[in-house]
Each structure stands twice: as C-alpha cells, then as structure tokens.
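Both counts, for ligands and for their atoms, begin at 1 and track the order of listing. Residue numbers count from 1 along this sequence.
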Amino acid sequence: MQTSLPETYLATPEGQRAESVLRSCVHCGFCNATCPTYQLLGDELDGPRGRIYLIKEMLEQDAASDVTGRHLDRCLTCRACETTCPSGVAYGELLEIGRNYLEANRPRSFRERFLRRWLLRVVPNPGAFAFWSSLGRLAKPFLSARLRRQLPARARRSSFVAPEIENPAGTVLLLDGCVQRTATPAVNDTLERLLAARQIRVLRLKDEGCCGGLALHLGEEAAALATMTAGLDRIVPVLDQVDAVISTASGCGVTLKDYGRLLAQDGARSRQAQALADKIMDVGEYLTALGGDWSRASESTRVALHLPCTLQHGQRQGSHPSVLLEAAGYELVATRDDHLCCGSAGSYALLQPELSETLGENKLAALSGEDPDVIATANVGCQMHLGGLAGVPVRHWVELLAVPEAGG
Ligand code: SF4
Ligand code: SF4
C-alpha cells in the first residue's frame, strides 16, 4: 500500500512503524473473511482492511474523525485478521497506533469519558473491582439482565498453602492477574496444587498490579506505560529466581509477552521488559514443557473448548489445552467457528454491549452443537462472558485437571 505520511510524523518511532505496517498490506481483503465485526455488520469499514484505510487516512491527513473513531471502537482487537493475513500485516500494532492517536486528538462525549475513566480506575485495581462486584451483587435485582450476566460470582481463594519443597524441580512466578484474582481465584489455586505435586516451587506476588492491557486497548498510552512499568518494577526483583513467569489469563499473557516491544523506548527498563517477556509462558505452554501424565478432575467428560483470541491469535499457543485435556481423558466435542471471538474482548462487553452479546450468543451456539457437559476456556474474561450466557458450567481448562496426591 502506498503511503504519504507527514515528514514530522515519519520522524517518530510510531510514524516509522505505522508506515512499515501500512506498506505491508496489499489490500487483498482475505482478512475480512475471518473478522467477526465484518461478518456481523457487513460494512467494509468494520473489517480490518477498511480500518487499515481509515488509520492511513487519519495519519496522512492528521485528522481524527468520528467515523474513524466509531469503526476503531467496534474492533475487538481479536487479531483473527492477523492469523488470516497472507502478508503478515501486524494489524494489532497499527490499531494500537491508531487508537493512541484518536484518544490524543479527538474528544469523547462525557458519558464515554466517564465510563472509560471508571474502567481504568476499577478494573486494574483488585480492591476496587471486588468492591464494585459486591455492590453489583447487592443491587442485582435492580440491574438490567445484561449487567446481571456480567457480574462475577462471589469467589474466594482457597486456604491451600504449598508445602516447603526441599529440592524443587523448578521455580515459577505465578501471576494472579487483577480481574482473575477476584473473579476466578480457583484457577491459580488449582494450578499451584498441580505444580506443588510436581515438585515445582510457586512464587506469588502480593501486590502484583495490572499488566496494562486494558489501558493499551483503550488507547490510553500514558496510563498503559505507567501501569506496565509499575508492574515490571514489582516483578524484576524475583525474575532471576524463576525459570518461568506463568499466566493463566491469556489476555494478560499476550500483553506481557509484548513488553519488549511496548517498553522498547524506556531506556534502562527496555532490557528488563524483554527479560520478563522472554520468561512469560501461558500455562498450557508450561505444562506441555513440563510433561508427565494428567488425569480428569471432573465426572463430566464431554468438553467444548473455546480458545480465547489472545491465546490462538495473539500468542499463537492455541494447541496446548486440547492436547492436555485429551491426555487427561476428556472427549473434546466438535465445535464450529473456533477462530471467532466470543465478544468479551476486555472491556468490549461494557463499551459495545449489543455487539458483544450477539457475538457471545453466536459463540455459545457454536460451542453447544454437541451438548457438552462443560465449556472450557483459557481467559477470565471469556469465562465470565460465556458463563453469564451458558446453561452449562464454564471453567478454565486448568480446573479440569486432577490434582494428584503429593509426590504422585
Ligand atoms: S491486512 Fe492482510 S489480508 Fe487484510 S487486506 Fe491487508 S494484506 Fe490483505
Ligand atoms: S482485530 Fe478482530 S475485530 Fe478487529 S479488524 Fe481484526 S479480525 Fe476484525
């Protein structure tokens, strides 16, 4: 694609990256075929190719319009288009540049600003998120059906304390994530037990903080970078002690794996950011590398597996959960449209509720054709979103693995 970005913009790292991504697109349109919003809305501007054009025009003319804002807001950041693109266009990076530009140059309505500020203050803060979740449960009878479905159920961490392991086979840092620690703490509790039984020492941070993914997707560049550097500073002191840093929320993992790029301009921290990114592993990657036998934790045997976009398109690590679940003795039932987003997409369910709900219902139908006993996924957002709509339990796949007796 030909570009004519302003010289002043081309002199910046964003300008150079934008130009390189734009030039790699040959506007073939293959990506539209797997774009969930293009499929739903049938509008070229709600597909990746159209959004790439909008970003190009905006950057070339140095003009952020409402039309561009509307179509970029509707993008799920699912990156299915990247998986499909034969030219390797880094759409996600271009979208990030486009959103940062829009937020810096186009005012939003009071309602939008309020909601986005609220999200940025509450979601990455486990205390605030737990408070608002409790408040929501108290006010449940007065909430709309849609909001009721998005409320996380009350959940507590288990009282499990891993026994001291004298000669550990490995040491990992297990990240709790900001939403996951409140909404689904059982996931990491199960994993800590699984790892303890394999003689893996697990470290967890008390004040881990947020990965910055939410602010990044909202185009709040300064807030995203501040959150990332604060989180990095908390992790760095233990980084040399661990073989891997494990995330069970693929939405956090995909951001953390990108820290080297995201913090490349941050002087001394850029090396630390890359060192962290090099050690981040999705739980599926880690358990596969660990090897050994797995068994079923559940009487229910028929599982429909939903792979979050952040795992299959963002991290390209979608193969592990199915292999591990089958090795544990589960039957994975046939599903369709596995590449499509469930509509959760971070804060999308709150910011684009109609599209999010339609995508969620479509995903549920695609997962339920063979009447599974349980739906398994790999990210807290998808688990909450589908859990609010599904008639069967929706679990993180790690919870379906049986914890062996210690030493077993
Ligand atoms: S992003 Fe890739 S698939 Fe989409 S139009 Fe550009 S080159 Fe074609
Ligand atoms: S990230 Fe997802 S929703 Fe956005 S353009 Fe790509 S495929 Fe479409």
Side-chain angles (χ1 to χ4, degrees), residues 1-3 17-60 67-103 213-214 216-219 250-251 254-255 257-258 306-316 318 337-363 366 379 381-382 385:
M1 182 182 283
Q2 293 288 324
T3 57
R17 187 59 187 142
E19 178 172 76
S20 137
V21 178
L22 286 168
R23 289 198 168 191
S24 65
C25 174
V26 296
H27 38 112
C28 62
F30 287 165
C31 49
N32 280 352
T34 55
C35 172
T37 53
Y38 180 76
Q39 286 192 3
L40 275 187
L41 302 166
D43 183 340
E44 171 74 15
L45 297 181
D46 281 314
R49 182 173 60 178
R51 290 181 176 126
I52 289 171
Y53 270 118
L54 288 173
I55 295 171
K56 172 179 161 355
E57 265 181 27
M58 175 175 75
L59 298 178
E60 283 179 345
V67 172
T68 304
R70 188 161 61 248
H71 293 291
L72 293 201
D73 279 355
R74 284 188 195 143
C75 174
L76 294 141
T77 328
C78 69
R79 295 167 64 186
C81 47
E82 284 189 21
T83 302
T84 308
C85 174
S87 303
V89 173
Y91 172 85
E93 281 187 51
L94 186 67
L95 177 69
E96 206 177 284
I97 292 170
R99 282 184 170 160
N100 288 346
Y101 184 93
L102 271 166
E103 291 315 310
L214 176 72
L216 191 69
H217 287 183
L218 292 176
S250 61
V254 73
T255 305
K257 283 186 174 183
D258 215 7
H306 163 61
L307 289 178
C309 303
T310 42
L311 191 65
Q312 61 170 322
H313 304 305
Q315 299 191 44
R316 307 278 171 105
D337 295 334
D338 292 344
H339 61 286
L340 287 181
C341 179
C342 70
S344 167
S347 54
Y348 198 86
L350 285 173
L351 297 172
Q352 300 286 339
E354 285 87 13
L355 281 174
S356 169
E357 188 150 307
T358 305
L359 287 165
E361 282 163 359
N362 291 350
K363 175 54 70 180
N379 188 49
C382 311
H385 185 60

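Ligand 1 is approached by Pro86 to a heavy-atom distance shorter than 4.0 Å.
A salt bridge links Asp46 with Arg51; the closest basic N to acidic carboxylate O contact falls under 4.0 Å.
Using a 4.0 Å cut-off to heavy atoms of Cys75, the atoms of ligand 2 that qualify are 1 (S), 3 (S), 4 (Fe), 5 (S). The distance from ligand 1 to the heavy atoms of His27 drops below 4.0 Å at these ligand atoms: 5 (S), 6 (Fe). Counting atoms of ligand 2 from 1 in the listed order, those under 4.0 Å from a heavy atom of Thr77 are 1 (S). Numbered from 1 in the order shown, with element, the atoms of ligand 2 that lie under 4.0 Å from a heavy atom of Pro48 read 5 (S). For ligand 1, the atoms sitting less than 4.0 Å from at least one non-hydrogen atom of Val89 are 1 (S), 2 (Fe), 7 (S), numbered in the order shown with element in parentheses. Here is the list of ligand 2 atoms found below 4.0 Å of a heavy atom in Cys35: 3 (S), 5 (S), 7 (S), 8 (Fe).
Of the possible polar contacts, none joining the Lys363 side chain to the Cys341 backbone as a donor-acceptor pair under 3.5 Å is found. No donor-acceptor pair closer than 3.5 Å links the side chain of His313 to the backbone N or O of Glu82. In terms of modelled atom types and a separation under 3.5 Å, the side chain of Tyr348 and the main chain of Arg74 share a donor-acceptor contact. Judged by distance alone, with hydrogens and angles left aside, the side-chain atoms of Gln2 form no donor-acceptor pair with the main-chain N or O of Arg23 at under 3.5 Å. The main-chain N or O of Ser250 is found under 3.5 Å from a side-chain atom of Gln315 such that the two form a donor-acceptor pair.
Residues Leu218 and Glu103 fail the side-chain proximity criterion, which asks for heavy atoms closer than 4.5 Å.
Contact annotation: for Ile52 versus ligand 1, heavy atoms closer than 4.0 Å belong to the side chain alone. Only the side chain of Arg51 comes within 4.0 Å of ligand 2, judged by heavy-atom distances. If you look at Val26 next to ligand 1, the close heavy atoms, those under 4.0 Å, come from the backbone and the side chain alike. Contacts of Tyr38 with ligand 2, taken as heavy-atom pairs under 4.0 Å, are absent altogether. At a heavy-atom cutoff of 4.0 Å, ligand 2 is contacted by no atom of Leu95, backbone or side chain.
For the 3.5 Å distance criterion, the side chains of Thr77 and Arg99 qualify, holding a donor opposite an acceptor.
Nearest protein heavy-atom contact of atom 8 (Fe) of ligand 1 is Cys28 SG, 2.3 Å. Counting only heavy atoms of the protein, atom 6 (Fe) of ligand 2 lies nearest to Cys81 SG, 2.4 Å. The shortest contact between atom 4 (Fe) of ligand 1 and any protein heavy atom is with Cys31 SG, 2.2 Å. Looking only at protein heavy atoms, the nearest one to atom 5 (S) of ligand 1 is Gly29 N, 3.2 Å. The protein heavy-atom contact nearest to atom 1 (S) of ligand 2 is Arg79 N, 3.1 Å. Looking only at heavy atoms of the protein, atom 3 (S) of ligand 2 is closest to Leu76 N, 3.4 Å.
With rounding to the nearest 0.5 angstrom, the SG atom of Cys31 is 9.0 Å from the OH atom of Tyr91. Remark: Asn362 CG to Asp337 CG distance equals 8.5 Å, nearest 0.5 Å. The structure places CD1 of Ile97 at 8.0 Å from CG of Asn100, a figure rounded to the nearest 0.5 Å. Between the CG atom of Asn32 and the OG1 atom of Thr84 there is a distance of 10.0 Å, given to the nearest 0.5 Å. Here the CG-CD distance, from Asp258 to Glu93, works out to 6.5 Å after rounding to the nearest 0.5 Å.
Atom 6 (Fe) of ligand 1 has an N, O or S atom of Cys25 inside 2.8 Å of it. Not a single N, O or S atom of Cys78, from either the backbone or the side chain, sits less than 2.8 Å from atom 8 (Fe) of ligand 2.
Which of Ala33, Cys85, Ser87, Ala90 comes nearest to atom 2 (Fe) of ligand 1 through a heavy atom is settled by distance: it is Cys85.
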